[in-house]
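Presented below is the structure to which this report refers.
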Amino acid sequence: MSSSALQSSNKPIAIMVDAEIKPDRLEEFLDIIEKDAIGSRSEPGCIRFDVVQNQENPCKFFFYEVYQDAEAVKFHKEQPHFALWTDFKASGGVVSSVSHKCHGIFLSEN
């Protein structure tokens, strides 16, 4: 599906991020991602924003974000709490970060 078709869709959009954080930046990351998660959850179009930590590698995290639609994703990316995460990445705090954008098909109610 093209980007324009995705943006015109009114289906929920899920974003899954697989991120590995540099060990010496872990405490800084935890502070930033907590602020991002709390801020994101207060956005009108955010349905869910979860952050989980890998049990085998404490520097590996997964974010699971669900937004009402493409407009809610756009709004999210314009927020100051999102900039904390993008600035952290730009400063070299991550080993890797891969995002996957998905259509919400069967989602829980909460």
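- Atom OG of residue Ser42 and atom NE2 of residue His81 lie 6.0 Å apart, to the nearest 0.5 angstrom.
- Just one of Val66, Ile38, Asp36 meets the side chain to side chain contact (heavy atoms under 4.5 Å, CB included) condition when paired with Phe49; it is Asp36.
- With values rounded to the nearest 0.5 angstrom, Leu30 atom CG is found 5.5 Å from Glu27 atom CD.
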Please list, one pair per line, the donor and acceptor atoms closer than 3.5 Å that link side chains of residues 72-80 to other protein atoms, with sequence neighbours excluded.
from  : atom 1 : to    : atom 2 : distance (Å)
Lys74 : NZ     : Glu78 : OE2    : 2.9
His76 : ND1    : Ser40 : OG     : 3.4
His76 : ND1    : Glu43 : OE1    : 3.3
His76 : ND1    : Glu43 : OE2    : 2.9
His76 : ND1    : Tyr67 : OH     : 3.3
His76 : NE2    : Tyr67 : OH     : 3.2
Gln79 : NE2    : Phe75 : O      : 2.9

Hey, mind stepping through Ser91 and Arg25 against side chain to side chain contact (heavy atoms under 4.5 Å, CB included) and telling me if it holds? CA-CA 10 Å; Ser91 75; Arg25 305 281 303 272; 2.7 Å; yes
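- Between Cys102 and Met16, the shortest heavy-atom distance links the atoms SG-CE, 3.3 Å.
- By the 4.5 Å heavy-atom criterion applied to side chains, Glu65 and Val17 are counted as neighbours.
- The ring pair (Phe, Tyr, Trp, His ring centres under 6.0 Å) test applied to Phe63 returns Trp85, not counting sequence neighbours.
- Through ILVMFWY side-chain contacts below 4.5 Å, Val95 is grouped with nothing and stands alone.
- Under 4.0 Å is where a charged nitrogen must lie from a carboxylate oxygen, and between Asp87 and Lys89 no such pair does.
- Pro12 and Ile47 make their closest contact through CB-CD1, 4.5 Å (heavy atoms, listed as atom of the first residue, atom of the second, distance).
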Side chain to side chain contact (heavy atoms under 4.5 Å, CB included) assessment of Phe61 paired with Val51: CA-CA 7 Å; Phe61 293 83; Val51 178; 4.1 Å; yes
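- Applying the 6.0 Å contact sphere to CD of Gln53 captures more than 12 heavy atoms from other residues, nucleotides or ligands.
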Under the side chain to side chain contact (heavy atoms under 4.5 Å, CB included) rule, what do Lys22 and Val94 come out as? Steps first, then yes or no, please. CA-CA 5 Å; Lys22 290 186 176 178; Val94 300; over 6 Å; no
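- Annotation: the span from Asp50 atom CG to Arg41 atom CZ amounts to 6.0 Å, rounded to 0.5 Å.
- Within the 4.5 Å cutoff, the side chain of Arg48 has heavy atoms near those of the Ser108 side chain.
- In terms of heavy atoms, Pro23 sits closest to Cys59 at CA-SG, 3.8 Å.
- Residues Asn57 and Glu20 have side chains in contact (heavy-atom distance under 4.5 Å, counting atoms from C-beta outward).
- Side-chain contact between Ser97 and Asp18: absent, with no pair of heavy atoms (C-beta onward) separated by less than 4.5 Å.
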